[in-house]
Amino acid sequence: MSSTSSSNAATAGAPAKTLAALLLIVVLAMAAAWRITDGFRVVTTEDARRLSIREHPRQLPDATITYESGPPLPLAQALREDGRATIAVFFYARCNSVCSVMGTEFQQLQDTIRTRGLESKIRLLSISFDATDGQPELAAYAKRMHAQSGWRFARVTDALQRNSLLDAFGITVIPAPMGEFQHNAAFHILSPDGRLVRIVDYDQPEAALAHALAAAQKGGAS
């Protein structure tokens with residue numbers, strides 16, 4: 001074969017090799033996207049968090065909480081002894097952004113629960129992730145929110161336990177300027193036996209109520 005023919009063959013083979021390489025890249029990218037999106041069922045890490053909990057309710061780790069009043073006690077014990085399904089949110093008392101929105105939603109949920117006669121089945125729980133929130137701060141926040149007996153406020157004083165609890169819920173907390181925090185927010189449905197069974201957008205209180213009622217009636221299944 002002449003040098004000219006060999007050159008033409010090599011030139012003709014170059015596009016084929018390029019196409020094969022591109023196809024390989026596309027296949028690898030699709031495979032990675034499949035894994036990241038759980039078979040293209042989710043598009044964000046928040047979606048993945050919620051899908052994971054919906055399909056596999058998560059037992060909460062051991063963490064000792066302290067309410068706005070009273071002695072410390074394990075969270076699992078608090079849920080079990082109360083016996084109701086819990087709608088929980090994470091917040092910090094100094095927050096003036098999303099926490100305020102969730103506080104307003106909880107005020108309305110509190111009224112709805114009372115109006116519908118669901119006090120014996122569902123309660124509300126706000127958990128602070130701010131180490132500087134003590135019982136006085138929680139009590140002051142509860143008073144500001146006009147919270148009644150079916151809405152409690154808690155903190156986890158031990159840093160390792162607090163981080164373990166945040167990890168279990170999938171809560172990300174990032175320090176921000178002026179001593180504030182950025183964090184994801186949602187309604188978290190807890191069964192009386194201490195499992196996280198559902199995560200719902202905080203602007204969907206009716207959905208949160210429905211899932212909490214199902215958890216209360218079916219022993220945690222939602």
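For this chain, numbers begin at 1 and follow the sequence in order.
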Backbone of Gly150 reached by a side-chain donor or acceptor of Gln110 within 3.5 Å: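 Checking the backbone N and O of Gly150 against the side chain of Gln110, no donor-acceptor pair under 3.5 Å is found.
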
Under 3.5 Å donor-acceptor, His188 side chain and Ala88 backbone: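 The answer is yes, because a donor-acceptor pair under 3.5 Å joins these two groups.
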
Shortest non-hydrogen contact from Gly103 toward Met145: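 Reported closest heavy-atom pair: CA-SD, 3.9 Å.
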
Nearest non-hydrogen partners of Gln59 and Gly194, listed with the distance: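 Looks like NE2-O, 3.2 Å.
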
Joint hydrophobic cluster, Val200 plus Val197, side-chain heavy atoms closer than 4.5 Å: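 Linked, Val200 and Val197 end up in one cluster.
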
Path from Leu125 to Phe91 over hydrophobic side-chain contacts below 4.5 Å: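 Leu125 does not cluster with Phe91.
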
If the condition is ring-ring contact (aromatic ring centres under 6.0 Å, His included), which residues does [X] pass it with, not counting sequence neighbours?
X: Tyr92; value: Phe129, Phe181
X: Phe187; value: Phe106
X: Tyr67; value: none

Atom pair CZ/OG of Arg155 and Ser126 - distance to nearest 0.5 Å: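 The distance works out to 15.5 Å.
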
Glu105 CD to Ile87 CD1 distance, which is reported to the nearest 0.5 Å: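 If we round to the nearest 0.5 Å, Glu105:CD and Ile87:CD1 are 11.0 Å apart.
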
Would you give me the side-chain donor-acceptor pairs under 3.5 Å for residues 162-180, sequence neighbours excluded?
| unit_1 | atom_1 | unit_2 | atom_2 | d |
| --- | --- | --- | --- | --- |
| Arg162 | NH1 | Val156 | O | 2.6 |
| Arg162 | NH1 | Thr157 | O | 3.4 |
| Asn163 | ND2 | Ala159 | O | 3.3 |

Side chain to side chain contact (heavy atoms under 4.5 Å, CB included) partner of Phe153, the single match among Thr66, Leu138, Leu124, Asp133: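 Only match with Phe153 under side chain to side chain contact (heavy atoms under 4.5 Å, CB included): Leu138.
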
Just jot down the side chain to side chain donor-acceptor pair (under 3.5 Å) partners of [X], sequence neighbours excluded, or say none.
X: Arg116; value: Glu206
X: Arg94; value: Asp130
X: Gln161; value: none

Counterpart residues, salt bridge (Lys or Arg N to Asp or Glu O under 4.0 Å), relative to Arg58 (two or more places apart):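 In terms of salt bridge (Lys or Arg N to Asp or Glu O under 4.0 Å), with neighbours along the sequence ignored, Arg58 is linked to no residue.
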
Qualifying residues under salt bridge (Lys or Arg N to Asp or Glu O under 4.0 Å), relative to Glu68, sequence neighbours excluded: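 Glu68: salt bridge (Lys or Arg N to Asp or Glu O under 4.0 Å) contacts with Arg152.
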
Residues forming a side-chain contact (heavy atoms from CB on, under 4.5 Å) with Asp203, sequence neighbours excluded: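 Scan of Asp203 (side-chain contact (heavy atoms from CB on, under 4.5 Å), adjacent residues dropped) gives Asp201.
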
Pairwise side chain to side chain donor-acceptor pair (under 3.5 Å) hits with a residue in residues 138-149, at least two apart: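 Listed once each, the pairs are Arg114-Gln148.
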
Summary of salt bridge (Lys or Arg N to Asp or Glu O under 4.0 Å) pairs that have at least one residue in residues 79-89, sequence neighbours excluded: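 Sorted pair list: Asp82-Arg84, Asp82-Arg123.
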
